[in-house]
Engineer: 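Got a structure here, written out as structure tokens. Questions coming.
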Amino acid sequence: MRAGTVTASSYTPALLSQLSSLVRLGPVTLIAGRHGGRCRCLLGPRCNLPGEHTMAARYWTTASRSPADIAAQFTRYAPCGLGVILPSHNAVLQVPGALQADLADYLDDRGLAPPTVHGPERSWVWLTVPSGLLRRYRTTLPPARVIAAIGPGGWVPVPPTTLGTDAAPLIWRHSPTGHPLTPERGMALVQHLGERLRDLA
């Protein structure tokens with residue numbers, strides 16, 4: 001899949017306001033889109049990378065926390081998508097679409113609203129990760145690793161990115177201004193999702 005559909009004409013005050021909220025989660029980098037069958041990443045026609053990927057291979061060098069800088073990069077490289085680079089204290093659970101409704105119900109039933117993105121095939125939910133906890137998340141996940149833990153330094157696609165040519169855009173199920181799940185609640189969610197996966201197997 002590839003990211004795309006954001007164009008220069010999309011830069012409205014509402015989008016700039018969204019970017020101001022987004023940078024609270026971490027530096028923002030561009031995700032490559034496709035235009036006329038050509039990948040828009042900096043490798044151009046030499047690109048043979050599968051799936052969505054960052055515009056620059058060394059994505060942390062071009063990332064920014066400035067909404068104005070992000071909008072300028074967007075304008076230059078549109079169509080493209082956005083990704084947040086995770087800081088040292090955050091991780092994200094990548095959850096398959098089959099568990100999306102269960103994830104939403106789990107959070108709603110407990111009155112929790114961590115930053116959460118829903119897409120047509122995957123969801124992403126933000127967690128707090130004190131030292132050593134990411135390893136615990138990963139060892140608690142099912143062996144098939146259908147659920148993945150993305151750690152600090154990794155990147156996560158966020159709205160208004162679209163993955164694939166015909167897919168619906170990603171949406172915020174819970175705002176980027178929310179608080180990531182605490183370590184205890186994060187571990188409880190990991191265990192719950194693992195049990196749900198076993199139930200569905």
Side-chain angles (χ1 to χ4, degrees), residues 1 3 22-32 49-54 57-60 63 65 81-159 161 163-164 167 170-201:
M1 295 187 295
L22 187 58
V23 296
R24 299 181 187 184
L25 293 176
V28 175
T29 191
L30 298 187
I31 308 303
L49 296 174
E52 65 269 13
H53 57 277
T54 53
R58 296 168 60 85
Y59 56 85
W60 56 91
R65 283 184 179 266
L82 291 175
V84 170
I85 300 176
L86 301 178
S88 60
H89 56 282
N90 282 161
V92 163
L93 282 186
Q94 180 176 282
V95 180
L99 292 178
Q100 187 174 93
D102 191 75
L103 169 64
D105 289 345
Y106 180 92
L107 296 176
D108 291 348
D109 289 348
R110 291 158 179 78
L112 303 173
T116 306
V117 171
H118 279 188
E121 296 182 2
R122 286 166 286 176
S123 295
W124 295 265
V125 57
W126 266 252
L127 314 166
T128 303
V129 283
S131 178
L133 189 60
L134 184 61
R135 183 176 179 181
R136 286 182 58 203
Y137 281 140
R138 287 175 171 161
T139 56
T140 305
L141 293 174
R145 303 186 70 80
V146 178
I147 302 170
I150 303 169
W155 62 271
V156 180
V158 294
T161 302
L163 302 180
L170 303 182
I171 63 169
W172 286 106
R173 178 64 168 72
H174 293 297
S175 167
T177 60
H179 296 291
L181 292 179
T182 63
E184 295 78 12
R185 286 174 169 166
M187 283 302 302
L189 175 60
V190 167
Q191 292 165 353
H192 171 77
L193 293 175
E195 291 170 0
R196 290 294 297 131
L197 271 181
R198 288 187 285 273
D199 291 343
L200 294 174

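For the single chain, residues carry numbers from 1 onward in sequence order.
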Engineer: For Pro96 and Ile147, which heavy atoms make the closest approach, and how far apart are they?
Structural biologist: CD-CG1, 3.8 Å
Engineer: Nearest 0.5 Å, please: how far is CG in Asp102 from NE2 in His192?
Structural biologist: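 Those atoms lie 3.5 Å apart.
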Engineer: Would you name the heavy atoms of Pro115 and Leu25 that are closest together and state the gap between them?
Structural biologist: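 Result for this residue pair: CG-CD2, 3.8 Å.
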Engineer: Using 0.5 Å steps for rounding, measure from the NE2 atom of His118 to the NE2 atom of His174.
Structural biologist: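 Going from the NE2 atom of His118 to the NE2 atom of His174 covers 7.0 Å.
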Engineer: Counting distance only, does the side-chain N/O of Asn90 pair as donor-acceptor with the main-chain N or O of Leu127 below 3.5 Å?
Structural biologist: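 It does hold such a pair.
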Engineer: Heavy-atom count check: over 12 atoms from other residues, nucleotides or ligands less than 6.0 Å from Arg65 CZ?
Structural biologist: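 Atom CZ in Arg65 is crowded, with more than 12 foreign heavy atoms closer than 6.0 Å.
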Engineer: To the nearest 0.5 Å, tell me how far Ile150 CD1 sits from Trp155 CH2.
Structural biologist: 8.0 Å
Engineer: Nearest 0.5 angstrom please: Tyr106 OH to Leu99 CG, how far?
Structural biologist: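 Between Tyr106 OH and Leu99 CG, I get 13.0 Å after rounding to 0.5 Å.
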Engineer: Which atom names give the shortest non-hydrogen contact between Thr116 and Pro114, and what distance separates them?
Structural biologist: OG1-O, 2.8 Å
Engineer: Would you name the heavy atoms of Leu86 and Gly151 that are closest together and state the gap between them?
Structural biologist: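 Reported closest heavy-atom pair: CD1-O, 3.5 Å.
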Engineer: Could you grab the distance from atom CG of Leu82 to atom CD1 of Ile31, nearest 0.5 Å is fine?
Structural biologist: 7.5 Å
Engineer: For the side chain to side chain contact (heavy atoms under 4.5 Å, CB included) test, which of Arg173, Gln94, Gln100 pairs with Ser123?
Structural biologist: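 With Ser123 as partner, Arg173, Gln94, Gln100 yield a single side chain to side chain contact (heavy atoms under 4.5 Å, CB included), made by Gln100.
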